[in-house]
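Worksheet: one structure, shown below.
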Amino acid sequence: MTENITEEKKDRAVLVGLDARCLSPEETATEASLEELSALVETAGGECVGIVTQTKDTPDPRTFIGEGKVAEVKELVRALNADMVIFDNSLSPSQQRALNEDLGVAVLDRAALILDIFAQRAKSREGRLQVELAQYKYLLPRLTGMWGHLVRQTASGGKSPIGTRGPGETQLETDRRHIRRKIAKLEEELKDVRRIRGTQRERRIKNEVPVVAIVGYTNAGKSTLLNALTGAEIPANNRLFDTLDTTTRTLEISDTCTVLLSDTVGFIRKLPHHLVEAFKATLEELQYADLLLHVIDASNLEWREQADVVDQLIRELGAEQTPRIEVFNKCDRWMGDIRPHGQDIVSISARTGEGLDRLREAIGERLDNGAKRVTIHLPYDRGGLLEQLYQQARVEQVEYGQTIDVVAVCTPKLVGQLGPLVEGWQPRKEPWED
């Protein structure tokens with residue numbers, strides 16, 4: 001019996017990036033974005049064996065980088081025994097087909113690589129639905145090249161293999177219809193997910209439980225922060241897109257202020273638009289959050305650019321009006337002289353715990369509505385108020401004696417409405433009454 005000790009072979013990738021004057025800063029390739037692409041390849045389970053950059057005024061309509069550069073990349077692929085070429089820019093379906101033919105190996109763009117990582121990482125049913133939907137939307141315009149060997153009429157009398165003759169529809173058209181059906185079905189299933197989320201959201205609003213959403217660039221330390229604040233045990237690894245499925249935990253700010261803390265998928269530059277669309281069922285939580293914690297990796301020299309990417313996606317999701325606190329994480333590795341500070345800015349280290357107490361205070365200052373725990377004595381002829389308390393307060397205890405004695409956490413407004421029924425209540429005096 002021979003023992004299998006061979007390691008799983010990693011896909012070897014050559015990375016290619018185009019810096020073109022006509023492309024927007026988000027679309028062009030830079031040293032930093034290629035470095036990030038290399039990290040994405042590692043996250044996907046591959047390895048980067050070479051990098052090729054090209055500078056042109058405009059992308060080549062057929063090959064994106066030009067015939068000469070394609071020949072250079074082909075030579076490099078052969079020399080390095082690479083399995084694939086991955087572009088840092090987005091490729092059109094026709095460009096991807098042309099490059100596949102010219103280079104003789106699989107050609108992906110950044111969007112396809114991110115989709116592959118998401119497919120590996122999604123664990124919940126909702127996450128898998130979202131990834132599958134994004135994959136089909138990406139695949140639909142690219143079918144032509146994939147089915148080139150089957151694009152032929154299968155009408156009766158044509159030269160088609162036995163069993164493939166049909167009503168005159170190409171294989172390509174059949175597959176397109178099949179994928180469109182799949183997309184429609186997935187979109188319907190995701191609508192159901194949104195409906196369930198909507199019901200849960202209404203229940204939270206009714207119970208007046210504030211929601212705090214953690215957002216930030218991928219690998220900024222969002223899951224580590226959630227773990228540090230709530231004691232949750234979410235896997236928090238130093239790799240891109242480690243969290244895809246939203247996790248929500250309860251965080252007690254004070255004995256009268258409890259919030260729900262939600263971790264969200266990390267953002268990244270050049271995040272494929274159809275991926276943002278697919279993940280809206282999860283990301284729409286941002287619109288309904290009472291507070292955003294924007295986690296920024298303070299140890300990354302490009303933190304400003306990363307923060308801009310997150311800000312742009314928050315605007316795209318319609319959550320720019322939501323109050324936010326900027327949380328500079330990994331401040332124990334801050335390179336500058338003075339740490340970020342100011343209103344709604346907190347410097348922390350989720351790993352060491354430094355600054356977490358100040359962050360809790362900042363959340364409390366934003367969300368604590370002044371509620372306090374009181375004892376209410378309801379006469380039996382006013383027992384109907386108990387239903388109101390269940391709707392508008394957090395009822396903790398009810399005892400039936402000479403009166404209905406209720407211990408509840410109430411807002412100042414509700415305490416004022418109940419007045420003398422609240423134990424120890426004093427009417428508010430106007431300044432001129434003193």
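In this chain, numbering begins with 1 at the start of the sequence shown. Predicted model, so just to flag it, every value in this text is computed and none were measured.
Annotation: side chain of V259 is not in contact with side chain of V211 (no heavy-atom distance under 4.5 Å). By the 4.5 Å heavy-atom criterion applied to side chains, N89 and F64 are counted as neighbours. Two residues are said to be in side-chain contact when any heavy atoms from C-beta on lie closer than 4.5 Å; I325 and L292 fail this criterion. The shortest side-chain heavy-atom distance between L414 and Q388 falls under the 4.5 Å cut-off. With a 4.5 Å cut-off on side-chain heavy atoms, L15 and V41 count as touching. Looking at heavy atoms from C-beta onward, L313 lies in side-chain contact with E316 at the 4.5 angstrom threshold. Looking only at side-chain heavy atoms (C-beta outward), V309 and Q312 stay at 4.5 Å or farther from each other. Side-chain contact check for R324 versus D311: some heavy-atom pair is nearer than 4.5 Å.
Shown here for A44 and L113, the closest heavy-atom pair between the two residues is CB-CD1, 3.8 Å. When every heavy atom of Y138 is checked against every heavy atom of A112, the shortest pair comes out as OH-CB, 3.4 Å. The two residues R97 and P141 have their closest heavy-atom pair at NH1-O, 4.3 Å. Closest heavy-atom contact between A408 and V395: CB-CA, 4.0 Å. Heavy atoms only, all atoms of each residue included: L229 and L251 are closest at O-CD1, 3.4 Å. Nearest heavy atom pair, residue G355 against residue I348, reads O-CG2, 3.5 Å.
At distances below 3.5 Å, not a single donor-acceptor pair connects side-chain atoms of E132 with backbone N or O atoms of I183. Within the 3.5 Å criterion, the main-chain N or O of S24 finds no donor-acceptor partner in the side chain of T28. Here the side chain of D88 pairs no donor or acceptor atom with the backbone of L37 at under 3.5 angstrom. Side chain of D83 to main chain of V105: no donor-acceptor pair is present (N/O by atom type, distance under 3.5 Å, no hydrogens or angles). Distance alone, capped at 3.5 Å, is enough to place a donor-acceptor pair between the S347 side chain and the P340 backbone. Looking at E396, its side chain never comes within 3.5 Å of a backbone N or O of V409 through a donor-acceptor pair.
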In residues 51-59, what donor-acceptor pairs under 3.5 Å come from side-chain atoms, sequence neighbours left out?
{"unit_1": "Q54", "atom_1": "NE2", "unit_2": "I65", "atom_2": "O", "d": "2.9"}
{"unit_1": "D57", "atom_1": "OD1", "unit_2": "R21", "atom_2": "NH1", "d": "2.2"}

Pair up each side-chain donor or acceptor in residues 74-82 with any protein partner under 3.5 Å, not counting sequence neighbours, and list the distances.
{"unit_1": "K74", "atom_1": "NZ", "unit_2": "D102", "atom_2": "O", "d": "3.2"}
{"unit_1": "E75", "atom_1": "OE1", "unit_2": "R78", "atom_2": "NH1", "d": "3.0"}

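Every residue two or more places apart in sequence or in another chain that forms a side-chain contact (heavy atoms from CB on, under 4.5 Å) with E326 is listed here: H294, I296, F328, I345. Residues meeting the salt bridge (charged side-chain N to carboxylate O under 4.0 Å, His left out) test with E47, sequence neighbours left out: R12. In this structure, the side-chain contact (heavy atoms from CB on, under 4.5 Å) partners of A319, at least two apart in sequence or on a different chain, are L286, I314, T322. By the side chain to side chain donor-acceptor pair (under 3.5 Å) test, E188 pairs with no residue at all, sequence neighbours left out. For F87, the ring pair (Phe, Tyr, Trp, His ring centres under 6.0 Å) criterion is met by no residue, not counting sequence neighbours. Annotation: side chain to side chain donor-acceptor pair (under 3.5 Å) contacts of E189 (sequence neighbours excluded): R125, K185. Residues meeting the side-chain contact (heavy atoms from CB on, under 4.5 Å) test with Q321, sequence neighbours left out: none. Residues passing the ring pair (Phe, Tyr, Trp, His ring centres under 6.0 Å) test with Y136: none are found, sequence neighbours excluded. For the side-chain contact (heavy atoms from CB on, under 4.5 Å) test, residues two or more places apart in sequence or in another chain that qualify with N100 are Q96, V107. The salt bridge (charged side-chain N to carboxylate O under 4.0 Å, His left out) test applied to E35 returns no partner, not counting sequence neighbours.
The pair R269-E305 does not count as a salt bridge, with every side-chain nitrogen at least 4.0 angstrom from each carboxylate oxygen. Ion pair D263/K222 not flagged as a salt bridge, since none of the NZ, NE, NH1 or NH2 atoms sits closer than 4.0 Å to an Asp/Glu carboxylate oxygen. Look at R110 and E36 and you find a salt bridge, because one of the NZ, NE, NH1 or NH2 atoms lies within 4.0 Å of a carboxylate O, short of that distance. Salt-bridge formation is detected for the pair K137/E187: a Lys NZ or Arg NE/NH1/NH2 atom is positioned less than 4.0 Å from an Asp or Glu carboxylate oxygen. Taking a cutoff of 4.0 Å between a charged side-chain nitrogen and a carboxylate oxygen, D344 and R366 qualify as a salt bridge.
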Worked verdict on L225 versus L356 for side-chain contact (heavy atoms from CB on, under 4.5 Å): CA-CA 9 Å; L225 176 59; L356 291 184; 3.7 Å; yes

Using the side-chain hydrogen bond (donor to acceptor under 3.5 Å, both in side chains) rule, take N227 and T224 through it: C-alpha gap first, then chi angles, then the decisive distance, then the call. CA-CA 5 Å; N227 289 343; T224 307; 5.7 Å; no

Please test L261 against T230 for side-chain contact (heavy atoms from CB on, under 4.5 Å), starting from the C-alpha separation and ending with a verdict. CA-CA 8 Å; L261 201 59; T230 66; 3.9 Å; yes

One pair to check against side-chain contact (heavy atoms from CB on, under 4.5 Å): N219 and D297. What are the steps and the verdict? CA-CA 8 Å; N219 209 29; D297 181 355; 5.9 Å; no

Stepwise, does the side-chain contact (heavy atoms from CB on, under 4.5 Å) test hold for V215 with L293? CA-CA 6 Å; V215 297; L293 297 186; over 6 Å; no

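Counting heavy atoms of neighbouring residues, nucleotides and ligands inside a 6.0 Å radius, atom CD of E31 does not exceed 12 of them.
A donor atom on one side chain and an acceptor atom on the other are not found under 3.5 Å apart for D109 and S90. Using modelled atom types and a 3.5 Å distance limit, the side chains of D308 and Y217 yield no donor-acceptor pair.
Rounded to the nearest 0.5 Å, atoms CD (Q392) and CG (L385) are 10.0 Å apart. Atoms CD and CG, from E302 and N300 in turn, are 6.5 Å apart once rounded to the nearest 0.5 Å.
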